[in-house]
Amino acid sequence: MIVMRQITAGVIAFAMLAGCVEPVEQRQADQAEVSAKLAPIILQPNGVSQGENMGFPYGTEKTKIIAMLERFGVVHQSTNEECGAGPMESASSPATGLTANFQDGELVGWFFDGDGTLAHTANDITVGSTRAALEQAMPIEMQTESTLGIEFFSGSGEAGFIGGFLSDDSENATIESLYSGTNCFFR
């Protein structure tokens, strides 16, 4: 009789726990729904922003950037001690495809290769944009000596810059990724 009660209690406890565990697919669908309701991240030559009055220029504290990225879902953090620009910390948002780079606890750069609906420049340039749209939106200079791929660059000076990589060197090329500020590229 005691054994039967213990088995019954165990089965009831398992059934209760099973009802509380949300399937991975449902969590991912819920996360995608939340991301779709958020204002997109604006990729800027001197930082990022998200929504009205939410600018994050270079020099913004790491905790503020991570809090902004966490609105979209999980954020993965890492450190690279061997970066040519010096030790670099990064916070990556798989939901958006944005990686924010930090030195001494402050935002110094970003890299984007994600969903173009979740992040784009102020003039709507993003991953998947055509080279024609890019050239119409901003003056670019091709980096013919790049060892990383078909690389372009736009802007300079205190206003900052945006760079990126194209799928090929044709007129029909599309943007594969964008970056600005300090990144850990090994050239």
Side-chain angles (χ1 to χ4, degrees), residues 28 32 35-36 38-50 55-60 65 68-69 72-103 106-187:
Q28 290 172 339
S35 294
L38 293 171
I41 297 169
I42 306 301
L43 306 169
Q44 301 174 335
N46 61 353
V48 295
S49 64
Q50 200 249 335
F56 303 100
Y58 293 142
T60 299
I65 302 298
M68 184 265 298
L69 291 174
F72 292 89
V74 175
V75 173
H76 301 288
Q77 296 184 54
S78 62
T79 301
N80 185 343
E81 296 291 331
E82 297 179 16
C83 185
M88 182 95 60
E89 295 178 273
S90 297
S92 299
S93 164
T96 64
L98 180 65
T99 298
N101 298 318
F102 307 94
Q103 288 182 313
E106 296 182 346
L107 180 67
V108 295
W110 54 260
F111 180 85
F112 176 71
D113 63 355
D115 184 341
T117 62
L118 297 178
H120 55 79
T121 67
N123 44 11
D124 290 326
I125 297 301
T126 191
V127 169
S129 293
T130 64
R131 181 176 182 164
L134 170 66
E135 289 176 336
Q136 187 173 18
M138 62 181 80
I140 65 167
E141 181 179 319
M142 297 306 295
Q143 303 300 302
T144 57
E145 302 294 320
S146 178
T147 59
L148 301 175
I150 314 299
E151 188 173 2
F152 65 87
F153 191 80
S154 180
S156 63
E158 288 185 29
F161 71 91
I162 291 179
F165 298 93
L166 297 172
S167 58
D168 57 57
D169 58 2
S170 74
E171 292 180 17
N172 299 320
T174 57
I175 296 173
E176 293 184 332
S177 60
L178 296 166
Y179 69 90
S180 180
T182 304
N183 278 271
C184 199
F185 294 145
F186 290 95
R187 298 182 183 272

ring-ring contact (aromatic ring centres under 6.0 Å, His included) contacts in which one or both residues fall within residues 123-160, not counting sequence neighbours: Phe153-Phe161
From CZ (Phe56) to CG (Leu107), nearest 0.5 Å: 9.5 Å
Minimum heavy-atom distance between Thr126 and Leu178, given as atom pair plus value: CA-CD1, 3.9 Å
Trace of the side-chain contact (heavy atoms from CB on, under 4.5 Å) decision for Met88 with Gln103: CA-CA 5 Å; Met88 182 95 60; Gln103 288 182 313; 4.0 Å; yes
His120 NE2 to Ile175 CD1 distance, which is reported to the nearest 0.5 Å: 13.0 Å
Verdict with reasoning, Asn172 to Ser170, per side-chain hydrogen bond (donor to acceptor under 3.5 Å, both in side chains): CA-CA 5 Å; Asn172 299 320; Ser170 74; 4.9 Å; no
Over all atoms of both residues, closest heavy-atom pair of Tyr58 and Ser180: OH-OG, 2.9 Å
Closest non-hydrogen atom pair, Ala85 against Thr182: CB-CG2, 3.6 Å
Check: Thr117 main-chain N/O paired with Asp115 side-chain donor or acceptor under 3.5 Å: yes
Atom pair OH/OG1 of Tyr179 and Thr99 - distance to nearest 0.5 Å: 15.0 Å
Under 3.5 Å donor-acceptor, Glu145 side chain and Gln143 backbone: no
Where Ser177 and Asp113 come nearest, the two heavy atoms and their spacing: CB-CB, 3.9 Å
Neighbour count above 12 (heavy atom, 6.0 Å) for Glu135 CD: yes
Minimal non-hydrogen separation, Ala173 against Leu166, with atom names: CB-CB, 4.1 Å
Residues in side chain to side chain donor-acceptor pair (under 3.5 Å) contact with Ser90, at least two apart in sequence or another chain: Asn101
Short side-chain to backbone donor-acceptor contact, Trp110 and Gln44, under 3.5 Å: yes
Beyond-backbone contact of Asp169 with Met142, side-chain heavy atoms, under 4.5 angstrom: no
Straight-line distance of Thr121 OG1 to Ile41 CD1, nearest 0.5 Å: 13.5 Å
Inter-residue atom distance Leu69.CG - His76.NE2, 0.5 Å rounding: 11.5 Å
pair Gln50-Ile42: side-chain heavy atoms closer than 4.5 Å: no
Check: Leu43 and Leu98 side chains under 4.5 Å, non-hydrogen atoms: yes
Contact summary for Ile65 and Thr60, nearest pair of heavy atoms: CD1-CG2, 3.9 Å
Pairs involving residues 80-90, ordered by first then second residue, that meet salt bridge (Lys or Arg N to Asp or Glu O under 4.0 Å) (sequence neighbours left out): Lys62-Glu89
Euclidean distance, Ile140 CD1 relative to Glu151 CD, rounded to 0.5 Å: 11.5 Å
